[in-house]
Amino acid sequence: MIRLDNISITVGTFHLPNVSLEIERGRYAILMGKTGCGKTSLLETICGLRKPSSGSVWLQDVDVTRYAPGDREIGYVPQDLALFPTYNVAEHLEFGLKLHKASPSQLKQRRDETAEILGITHLLRRPIDGLSGGEAQRVALGRAIAVEPSVLLLDEPLSALDEETRDEMLELLQSLKEATNVTTLHVTHNLAEAERLADCRYRLSDSVLEHVAID
Amino acid sequence: MGGISSCFLLLIVLLIAADLAFTSLADFKNVLAKPEIRASIRLTLLSCTVSAILSVIVAIPLGYLLSRFRFPGRFLIDTLVDIPIVLPPLVLGLSLLILFHLPIGSSGWELETWLRDEVGFPVTYRWPAVVIAQFAVACAFAIRTMGVTFDQINPRAEDVARTLGCTRLQAFVQIALPQSGRGIIAALTIAWARALGEFGPILVFAGATRMRTEVLSTSVFLEMSVGDLNAAVAVSLLMVTIAIVVLVALRGLGARRWRLGTLTGDRTR
């Protein structure tokens, strides 16, 4: 469950006042809105990377407003993916697991499971330099879900992909949604993505977050 | 544009060529035969290496701090870093001398006296003064280099690492630091080169005692002051040679790390 209670965010001259939102456990929510309207800032606030000027963030019925980002059990895929340049694909999948002190057998099992789900087993030993857009996207997604987060935050994850790869990734996200049942907030500009994936939809417009009914 | 740039390159080449034309192989042999010059070469290599390593050790965290964080007093720290760069070298040496010999309080406590009598590590007019004088300037350049290095590394990867459970320190050590390998080598190179060229602060703070605090820059000064211009030029060319060898070696190390990283997918480890 993701709940925002009257969250206000200030970034320089930009101000997003009193945003409230509730996404039930296991639901896949899509957040749409114009560029620069504060969608990424909202995700960063849920992650704990940005402090809200007021209000509170609740995840799985716990007020995490003052929690460090790593204590929130979040999987985050930023728009630019932000892969780790000095790590190979396997190390990306193992990164969070090592921090969570997984045993070597757990680490290997979870890494291989994640790679299998995402279809990147053949890439495990590859450096990230030569990955295609779709492969890099899968690695970023794998890094986020390997730790089995309670909440998944995706910031325009498919925006830089070509049509064919986008369709493949949409299918993958759909199967992930069914397989993991993780509460997800997915930011996108693309209506087709919203229609295909969303259990519920929100629009951020003129600093107001509104629920959009699904036909 | 090309013409203007070549004028500068031509000037440097002509400077070295003039030095080479002025001196002879015999002059080189003569200076290398002098025990004080050999001691000077040893102290130069050691002190430059120690001050460059110390500079990088300080520059990595400070460069990261200035690059990543906005905090009260940041502007002041940023400005303080530039002071050794803009300060006249003699003033820096004089300031170091005053710092170590300034009587403090009614008891007249002095840093140098305390270091000499209590710690057993006298500094002024000894080799540690050479290292401190070199470090004071070289570190400022290393900090600026590391700052630019961290500016060019995407902080978003560290943010993602933090959402996965890293503390800020772990994100720095595990994500940012491995990416900064080439920047560290650049900072080490610049700090070493800067330390090699240091003269004013060393002369004032460490003196120019032969076989004790003499480094190559002071050797040039000492040879000139006794009127041996040939030896001064030979030592100058020796400095140029040492500088070229060390800088090429450090750059080669950087390039090798880059090539290895490209082949293995790991640029810095």
Side-chain angles (χ1 to χ4, degrees), chain A residues 12 40 43-44 46-50 64 67-102 123-131 139-149 151-153 155, chain B residues 60 63-65 67-72 74-75 146 148-187 253-269:
Chain A
T40 297
L43 287 195
E44 288 176 346
I46 299 171
C47 285
L49 296 171
R50 190 176 293 285
V64 297
Y67 280 29
D71 296 335
R72 298 186 180 208
E73 294 181 29
I74 279 175
Y76 175 46
V77 180
Q79 193 177 355
D80 60 0
L81 306 182
L83 295 178
F84 307 146
T86 57
Y87 287 64
N88 67 21
V89 172
E91 287 168 330
H92 273 81
L93 304 188
E94 291 165 2
F95 189 84
L97 296 165
K98 281 181 182 166
L99 290 166
H100 285 82
K101 308 260 187 292
L123 299 175
L124 281 176
R125 295 292 147 211
R126 283 262 298 273
I128 60 151
D129 305 48
L131 299 179
V139 175
L141 202 53
R143 179 181 61 185
I145 64 166
V147 290
E148 298 179 275
V151 165
L152 187 60
L153 304 175
D155 193 357
Chain B
I60 291 172
Y64 185 74
L65 188 78
S67 169
R68 286 288 188 271
F69 300 96
R70 299 288 173 268
F71 53 90
R74 184 186 174 280
F75 177 77
M146 288 315 301
V148 172
T149 300
F150 289 120
D151 284 345
Q152 289 171 348
I153 294 174
N154 182 5
R156 183 69 76 180
E158 292 149 61
D159 288 344
V160 173
R162 286 172 59 211
T163 66
L164 290 166
C166 273
T167 60
R168 277 192 185 276
L169 181 63
Q170 284 173 319
F172 164 65
V173 172
Q174 297 187 33
I175 306 298
L177 202 55
Q179 292 181 66
S180 63
R182 295 186 89 194
I184 291 173
I185 289 177
L253 179 66
R256 185 168 169 269
R257 288 170 70 89
W258 177 253
R259 275 200 307 277
L260 279 175
T262 309
L263 288 174
T264 60
D266 180 353
R267 290 205 183 98
T268 50
R269 288 180 300 167

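Order of the sequence lines fixes the chain letters, A, B, ..., with proteins taken first and strands second; residue numbering starts at 1 for each chain.
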*Is there any residue in residues 159-168 of chain B with a non-hydrogen atom under 4.5 Å from a non-hydrogen atom of chain A, and which ones are they?*
D159(B), V160(B), A161(B), R162(B), T163(B), L164(B), G165(B), C166(B)

*Is any residue of residues 71-78 of chain A within less than 4.5 Å of chain B by heavy atoms, and which ones?*
I74(A), Y76(A), P78(A)

*Looking at residues at least two apart in the chain, or sitting in another chain, which of them share a side-chain contact (heavy atoms from CB on, under 4.5 Å) with A157(B)?*
A82(A), F84(A), I175(B)

_For F95(A) against Q174(B), the heavy-atom pair lying closest together_ = CE1-OE1, 3.4 Å

*Where on R143(A) is there a heavy atom nearer than 4.5 Å to chain B: the side chain, the backbone, both, or neither?*
both

*Given a strict heavy-atom distance threshold of 4.5 Å, which part of L83(A) is in contact with chain B: side chain, backbone, both, or neither?*
backbone

*salt bridge (Lys or Arg N to Asp or Glu O under 4.0 Å) with R156(B): which residues, sequence neighbours excluded?*
E44(A)

*In terms of heavy-atom contacts, does CZ of F69(B) have more than 12 from other residues, nucleotides or ligands at under 6.0 Å?*
yes

